[in-house]
Trainee: 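Before I ask anything, here is the structure I am working with.
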Amino acid sequence: MEKQSHLLLWKAVFVLIIIGLGFGIYAGSKSIDYTWRWERIPQYIINTEATTVRSPFDGTATIEKGNKLVVTSDYGDDPLVIKKFDNLLVNNGDLVFEGDPLVEVESWNIGPLTWGLVMTLQLSVVSLVFAVVIGLFAGLARISTNPALRYLSVTYIELIRGTPLLVQIFIFYFFIGTVLDLDRFTAGVAALSVFTGAYIAEIVRSGIQSISPGQMEAARSLGMNYVQAMVNVILPQAFKRTLPPMAGQFINLIKDSSLVSVISITDLTKAGREVVSSTFAPFEVWFAVALMYLVLTGGLSWAIQRLEKRLSASD
Amino acid sequence: MTNRTDKSIIQARNIEKIYPNGCHALKNVSLDINRGEVVVIIGPSGSGKSTFLRTLNQLETISDGTIHIDEVSLTDRKTNINKVREEVGMVFQSFNLFPHKTALGNVALSPIKVKKKPRAVAEQEGRELLKKVGLAERMNNYPSHLSGGQQQRVAIARALAMHPKIMLFDEPTSALDPEMVGEVLDVMKSLASDGMTMVVVTHEMGFAREVADRVVFMEDGELVFEESPERFFSSDNPRLQRFLGQVL
Ligand SMILES: Nc1ncnc2c1ncn2[C@@H]1O[C@H](COP(=O)(O)OP(=O)(O)OP(=O)(O)O)[C@@H](O)[C@H]1O
Ligand SMILES: [Mg+2]
């Protein structure tokens, strides 16, 4: 009973601190003489744009029931029928000439921030797939009994983990990209997957080594070869164990992808920078960008937690 | 065709095993085992019992000597060791069930992946085997939801699913609570009476007396003594006497 009320107290403390922080940010923004213009942000995420439909020929406009505009041609062309529109610019029975505006149709238009988000998502997903493949093989090579494989893997991992990602991106784009004639996106994906692969390799290695050697022995004693034992016995168990650190690595990948904006890939971060320069509302834009990253990483976290729940059936 | 039932199915000759750390675990060990024979190996801890058993399916390589399983040389480079292992089932002290598979999944995995049997066939055989070891009700349980004795019986069924000619047991009851030892020994006894060739490392002297055709005593990496159970337990070999004095 006593424990319970303590818990409640600390939860209240948490809420108070959060409210305090929120108020602090609000007060801070007041004190710096900044006009918040949140209303400018949504159009950069999604907006509507009106396009005018013009008459292709001379004729007569009639509005039929069901709000349908029909233009019958004076010269026997097939009549033009427009069923859906937002603004009507002619009256029933009007004579129209070729090129006259008839109706306005509003269409949804995806804004630059959303395009940035899509680019970030593309970069992350493609890099993730390659990173997992690279990491899996590098991790297996790391624990191989073959010294050549082992040293190669160690060298790769140490090289990548010992240098900043930003520098690697520059090397991939300016050096390797030039030698192999890679476009920006490919260079960006290559840099991100090679970088993340090194960390995944270490996760894979520790995951495999955490499985008791008895599992491999049991599998081999049943006649499985090394690959069959790995694929059917060791990796499924290691996969489950490495999910939490993998999730962390995937989230890092999404965040790290913001660095490829330095080689002019218009990802979410670069889109944010461009929108700032056209709106002069940097605070709102960066908050919005942060929120969009949170949606990606949060969604991923949630998906992986679901997966962990499903895999825990055998515990 | 010669009558092969008289021939040894396991021929181990002059085996030496030196671990990479320099430990001399097997010293000139030779043992022939006939088809359908049950051989029990006993000896003090660290005497090399497990090492010897594990050389028979090449979980340990040997430093010198020769091993033939059903006339196939294990030391020959051309031998496909995976094929030999299909013929030699092994049961471990710590069960080593696959925790991510159900009891039936454990039993059916290798027939499906190695023998390429259709899943339905492998599972049908798996059910029969689990029934045979008394686990008809527990087929869909994961190992974590089975008692030690049940896990070990699943492990035996899993090894049998490959239709081995030989079964190796490395202290199969040592990790079990006393009340579960019996159920596992019963399965092993029925296996022996079915004519399975078995090599069993155990401290269960009752099992050795009752089921074994031959009992082998190992000490310090040497095979000291081998006899039929009656002669074995009435022997006056001083090293054996000292050991039996400790365990009985
Ligand atoms: N992987 C290994 N590397 C180095 N030495 C080992 C290894 N496995 C076993 N040994 C050594 O080899 C000797 C024989 O060990 P083994 O496990 O075969 O004995 P055992 O008779 O099975 O003992 P126990 O009854 O305790 O299981 C021991 O001295 C042990 O320390
Ligand atoms: Mg042992």
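Basis for what follows: all heavy atoms, side chains included, without hydrogens, waters or symmetry-related copies. Quick note on labels: first sequence line is chain A, next is B, and so on, each numbered from 1.
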Trainee: For B:D64, which residues count as a salt bridge (charged side-chain N to carboxylate O under 4.0 Å, His left out) partner, sequence neighbours excluded?
Mentor: none

Trainee: With a 4.5 angstrom heavy-atom cut-off, which part of B:F98 approaches chain A: side chain, backbone, both or neither?
Mentor: both

Trainee: Do you know which of A:V231, A:V233, A:I211 has the most heavy-atom pairs with chain B at a distance under 4.5 angstrom?
Mentor: A:V233

Trainee: Picking from B:L97, B:I81, B:V91, which has the most non-hydrogen pairs under 4.5 angstrom with chain A?
Mentor: B:L97

Trainee: Write out all chain B-chain A donor-acceptor pairs shorter than 3.5 Å, or none if the list is empty.
Mentor:
from, atom 1, to, atom 2, distance (Å)
B:R54, NH1, A:E217, OE1, 2.9
B:R54, NH1, A:E217, OE2, 3.3
B:R54, NH2, A:E217, OE2, 2.7
B:N96, ND2, A:G214, O, 3.2
B:L97, O, A:Q215, NE2, 2.8
B:H100, NE2, A:N232, O, 3.0
B:S110, OG, A:L222, O, 3.1
B:K113, O, A:Q228, NE2, 3.2
B:S144, OG, A:S314, O, 2.9
B:H145, NE2, A:D315, O, 3.1

